[in-house]
Amino acid sequence: IADAAIAAYQSYYEAEAVFWDPPDPGSPLLDDVLAEPQKSFIVALLGQHVALGIALRGQPTVHPEVIEVRSPTELVILSCLEPDPGYGLYNLDSGERLDDVPPVAEGQRDLQSAVMVFEDGRWKASDLQGQVDFACKFAPTDRALPSV
């Protein structure tokens with residue numbers, strides 16, 4: 001289950017690049033990669049971005065590993081991310097990068113945890129939490145659960 005959940009976590013970022021640029025709160029991809037409560041949060045944020053005429057751009061390089069199995073249908077992934085240097089909010093009309101998100105610093109790493117749930121026959125992210133500019137190590141680490 002770890003491999004399938006990690007693949008779904010990585011698929012979230014592929015889908016994010018589509019539903020966030022331009023922002024599309026009605027994208028069917030949201031149902032593919034997100035579960036509640038994260039889905040409602042992202043849909044609302046996408047709606048705000050539509051109203052503001054902005055897009056989120058820049059996809060990180062992820063280094064995920066499973067650190068906790070809560071049940072056969074819920075687990076936690078931890079990932080030390082390499083943020084994309086172009087990560088940020090952009091005006092859809094002008095293409096100009098906005099100052100809302102600080103630029104990525106050279107060598108910056110971010111940490112993200114993802115609660116993944118098995119729903120409708122697939123793994124989906126139900127909670128995403130992160131810390132920016134965090135000293136973390138790329139997987140595999142000693143926090144990961146052993147693969148058997």
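Nothing fancy with the numbering, it's 1 onward along the sequence. FYI, side chains are in, hydrogens and waters are out, and symmetry mates aren't considered; it's all heavy atoms of this structure.
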What are the two closest heavy atoms between Leu81 and Pro83, and how far apart are they?
O-CD, 3.4 Å
Using 0.5 Å steps for rounding, measure from the CZ atom of Arg143 to the CD1 atom of Ile67.
4.5 Å
Please list all pairs meeting salt bridge (Lys or Arg N to Asp or Glu O under 4.0 Å) that have one or both residues in residues 102-120, counting only residues at least two apart or in different chains.
Glu119-Lys124, Asp120-Lys124
Pairwise side-chain hydrogen bond (donor to acceptor under 3.5 Å, both in side chains) hits with a residue in residues 130-140, at least two apart:
none
Taken to the nearest 0.5 Å, the spacing of Phe118 CZ from Ile1 CD1 works out to 9.5 Å
Pair Gln108, Val132 - check side-chain contact (heavy atoms from CB on, under 4.5 Å), show working.
CA-CA 8 Å; Gln108 178 178 320; Val132 175; 3.4 Å; yes
Could you measure the distance from the CD1 atom of Ile54 to the CG atom of Leu89? Nearest 0.5 Å is fine.
4.5 Å
Is there a path of hydrophobic side-chain contacts, each under 4.5 Å between heavy atoms, that joins Tyr9 and Leu145?
yes
Pairs touching residues 53-64 that satisfy salt bridge (Lys or Arg N to Asp or Glu O under 4.0 Å), sequence neighbours left out:
Asp21-Arg57
Below 4.5 Å, heavy atoms only, C-beta onward: do Val50 and Pro25 meet side chain to side chain?
yes
To the nearest 0.5 Å, tell me how far Asn91 CG sits from Leu98 CG.
6.0 Å
With sequence neighbours left out, which residue pairs that include part of residues 51-89 fulfil the ring pair (Phe, Tyr, Trp, His ring centres under 6.0 Å) condition?
His63-Phe138
Between Val117 and Val66, is there a shared hydrophobic cluster once you connect ILVMFWY residues whose side-chain heavy atoms come closer than 4.5 Å?
no
Minimum heavy-atom distance between Val104 and Pro85, given as atom pair plus value
CB-CA, 4.2 Å
Identify all side-chain donor-acceptor contacts of residues 28-38 below 3.5 Å with residues at least two apart in sequence or on another chain.
from, atom 1, to, atom 2, distance (Å)
Asp31, OD1, Lys39, NZ, 2.2
Asp32, OD1, Arg122, NH1, 2.6
Glu36, OE1, Ser40, N, 3.2
Glu36, OE1, Ser40, OG, 2.6
Glu36, OE2, Ser40, OG, 3.1
Gln38, OE1, Leu128, N, 2.9

Just jot down the side chain to side chain donor-acceptor pair (under 3.5 Å) partners of Gln59, sequence neighbours excluded, or say none.
Glu16
Taking only residues at least two apart or on different chains, which pairs with a member in residues 19-44 satisfy ring pair (Phe, Tyr, Trp, His ring centres under 6.0 Å)?
Trp20-His49
Considering residues at least two apart in sequence or located in another chain, which fulfil the salt bridge (Lys or Arg N to Asp or Glu O under 4.0 Å) criterion with Arg97?
none
Determine whether Leu45 and Val43 fall in the same hydrophobic cluster, where Ile, Leu, Val, Met, Phe, Trp and Tyr are linked whenever their side-chain heavy atoms lie under 4.5 Å apart.
yes
Verify side chain to side chain donor-acceptor pair (under 3.5 Å) between Glu65 and Ser79, making sure each step is shown before the conclusion.
CA-CA 6 Å; Glu65 59 190 359; Ser79 183; over 6 Å; no
Tell me, which pairs form a disulfide bond (SG atoms under 2.5 Å apart) where one or both residues lie in residues 4-112, sequence neighbours left out?
Cys80-Cys136
Listed partners of Asp24 passing salt bridge (Lys or Arg N to Asp or Glu O under 4.0 Å), at least two apart:
none
Any salt bridge (Lys or Arg N to Asp or Glu O under 4.0 Å) pairs touching residues 40-56, not counting sequence neighbours?
none
Give the cluster check for Phe134 versus Tyr13: same hydrophobic cluster or not, with ILVMFWY residues linked at side-chain heavy-atom distances below 4.5 Å.
no
Shared ILVMFWY cluster between Ile6 and Val115, side chains joined below 4.5 angstrom?
no
Donor-acceptor pairs are to be reported for all side-chain atoms of residues 71-78 against protein atoms at under 3.5 Å, with residues two or more places apart or in another chain.
from, atom 1, to, atom 2, distance (Å)
Ser71, OG, Thr73, N, 3.1
Ser71, OG, Thr73, OG1, 3.3
Ser71, OG, Glu74, N, 3.2
Glu74, OE2, Arg70, NH1, 3.4

